Protein chains: 2
Amino acid sequence: MEVMTDLPHPTRDEIRIEVVLHALADPVRLQLVRALAELPDGAEGIACGAVELPISKSTRTHHIRTLREAGVVRVRPKGTVRFTTLRRDDLDALYPGMLDGILAAKH
Amino acid sequence: MEVMTDLPHPTRDEIRIEVVLHALADPVRLQLVRALAELPDGAEGIACGAVELPISKSTRTHHIRTLREAGVVRVRPKGTVRFTTLRRDDLDALYPGMLDGILAAKH
DNA sequence: GTTGAATTTCGATAACCATCGTAGTTCGAT
DNA sequence: ATCGAACTACGATGGTTATCGAAATTCAAC
């Protein structure tokens, strides 16, 4: 039985490190990832618009798509809202320690 | 007594995570970092030209400068050669686990 | 001091990308 | 079925950057 995935996401083995690093290298996207990382495990995710960022809505969309296509986040539409979660399990499996190391940076 | 540093390098507390990630997000630069990571600890470093890369010499110079200015590598001129080493101690201190996680990626 | 090797600097080019505003879509609620 | 909210798609723009070749630098060795 398939998981109901509306938007295209790379599978775990399609995720490439250069693409992930590029996705994380942007200040706005990193801020978004930090916010996602603070969610409790198993949470529904966060609405894309719920994180306040110093950018316009269309730019926000662009960044979230970049993160999704890189395999950093998973986006699940529910009604008019898109819940976004960190793909922590996949990232930890592929690059153990990387995410925690990045999040350890004092910003 | 000061270490003889010819070229400008950021100090540990000047290193910023977005800049490091951007430096590592390029395929050529990541390949270079992989080569540097395989050197034994305490090695003199590697000559910039000793790693074979599918690019011209001037592009190689550009990439090494990007890594140096990001704080990823340290470059020490010795005669006509510039020895380059990974700043593993600084990166591990700032972002513990990040570098090893990235290098764990099967490429 | 001239040659040669390692590497940089310069100037140019093409591609990429973050950003925006506007217009459009989708869905829940009234 | 209309409205508003959440979000996307499109087209444009300006800035960054990866790339190159050619000329310049630096140093060791002959």
Side-chain angles (χ1 to χ4, degrees), chain A residues 4-9 16-36 39 43-85, chain B residues 4-9 16-36 44-85:
Chain A
M4 219 274 284
T5 321
D6 201 8
L7 283 65
H9 292 78
R16 289 197 327 150
I17 185 64
E18 307 92 357
V19 180
V20 170
L21 291 173
H22 171 255
L24 295 175
D26 182 273
V28 173
R29 290 194 289 262
L30 192 54
Q31 187 173 344
L32 207 30
V33 168
R34 277 189 210 285
L36 292 174
L39 287 182
E44 280 301 309
I46 209 170
C48 302
V51 187
E52 63 181 45
L53 296 172
I55 52 168
S56 74
K57 284 195 260 187
S58 46
T59 305
R60 183 192 309 255
T61 296
H62 161 70
H63 284 310
I64 291 176
R65 185 178 34 162
T66 300
L67 288 170
R68 171 177 54 81
E69 290 177 347
V72 176
V73 303
R74 177 157 275 130
V75 182
R76 189 168 35 86
K78 196 148 205 172
T80 173
V81 162
R82 299 196 164 182
F83 286 107
T84 304
T85 51
Chain B
M4 220 275 284
T5 321
D6 201 4
L7 284 66
H9 292 78
R16 290 195 327 152
I17 184 64
E18 307 92 358
V19 179
V20 170
L21 290 173
H22 172 255
L24 295 174
D26 181 274
V28 173
R29 289 194 289 262
L30 192 54
Q31 187 173 345
L32 206 30
V33 167
R34 277 190 211 286
L36 292 175
E44 280 301 310
I46 208 169
C48 305
V51 187
E52 62 182 46
L53 297 172
I55 53 171
S56 73
K57 285 193 259 185
S58 46
T59 305
R60 183 193 310 253
T61 296
H62 160 70
H63 284 310
I64 291 176
R65 182 176 37 158
T66 300
L67 289 170
R68 172 176 55 81
E69 289 176 348
V72 176
V73 303
R74 177 157 274 131
V75 182
R76 188 168 36 85
K78 196 148 205 173
T80 173
V81 162
R82 298 195 166 183
F83 285 108
T84 304
T85 51

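Keep in mind that what you see is a predicted model, and the values were worked out from it rather than measured.
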Inset, instruction - Report the distance from atom CG of A:L7 to atom C1' of D:dC7, rounded to the nearest whole Å. - result: 11 Å

Legend entry - Close side-chain approach of A:R74 to A:H9, heavy-atom, < 4.5 Å: yes

Inset, instruction - Please determine which of A:R29, A:R68, A:Q31 meets the side chain to side chain donor-acceptor pair (under 3.5 Å) test together with A:H63. - result: A:R29

Legend entry - Most 5' of A:H22 and B:K57 on DNA chain C, judged by nearest nucleotide: B:K57

Legend entry - Side-chain donor-acceptor contact under 3.5 Å, A:S58 with A:T61: no

Inset, instruction - Tell me what B:H63 touches on the nucleic acid: a base, only sugar-phosphate, or nothing, going by heavy atoms under 4.0 Å. - result: sugar-phosphate

Inset, instruction - Start with the C-alpha gap between A:D26 and B:E18, add the side-chain angles, then the distance that decides, and say whether side chain to side chain contact (heavy atoms under 4.5 Å, CB included) holds. - result: CA-CA 6 Å; A:D26 182 273; B:E18 307 92 358; over 6 Å; no

Inset, instruction - Please tell me which of the listed nucleotides, D:dC7, D:dA18, C:dA18, lies nearest to the side chain of B:R29? - result: D:dA18

Inset, instruction - Would you mind telling me which of D:dA18, C:dC10, C:dC20 lies closest to the side-chain atoms of B:H62? - result: D:dA18

Inset, instruction - Would you classify B:I55 as touching base, sugar-phosphate or nothing, given that sugar-phosphate means primed atoms plus P, OP1 and OP2, and contacts are heavy atoms under 4.0 Å? - result: sugar-phosphate

Inset, instruction - Kindly indicate whether the side chain of A:T80 and the base of C:dG28 share any N or O donor-acceptor pair separated by less than 3.5 Å? - result: no

Inset, instruction - Select from B:V81 and A:G79 the residue whose nearest nucleotide in DNA chain C is closer to the 5' end of that strand. - result: B:V81

Legend entry - Nucleotide nearest A:T59 (side chain, heavy atoms from C-beta), chosen from D:dA9, D:dT17, C:dT19: C:dT19

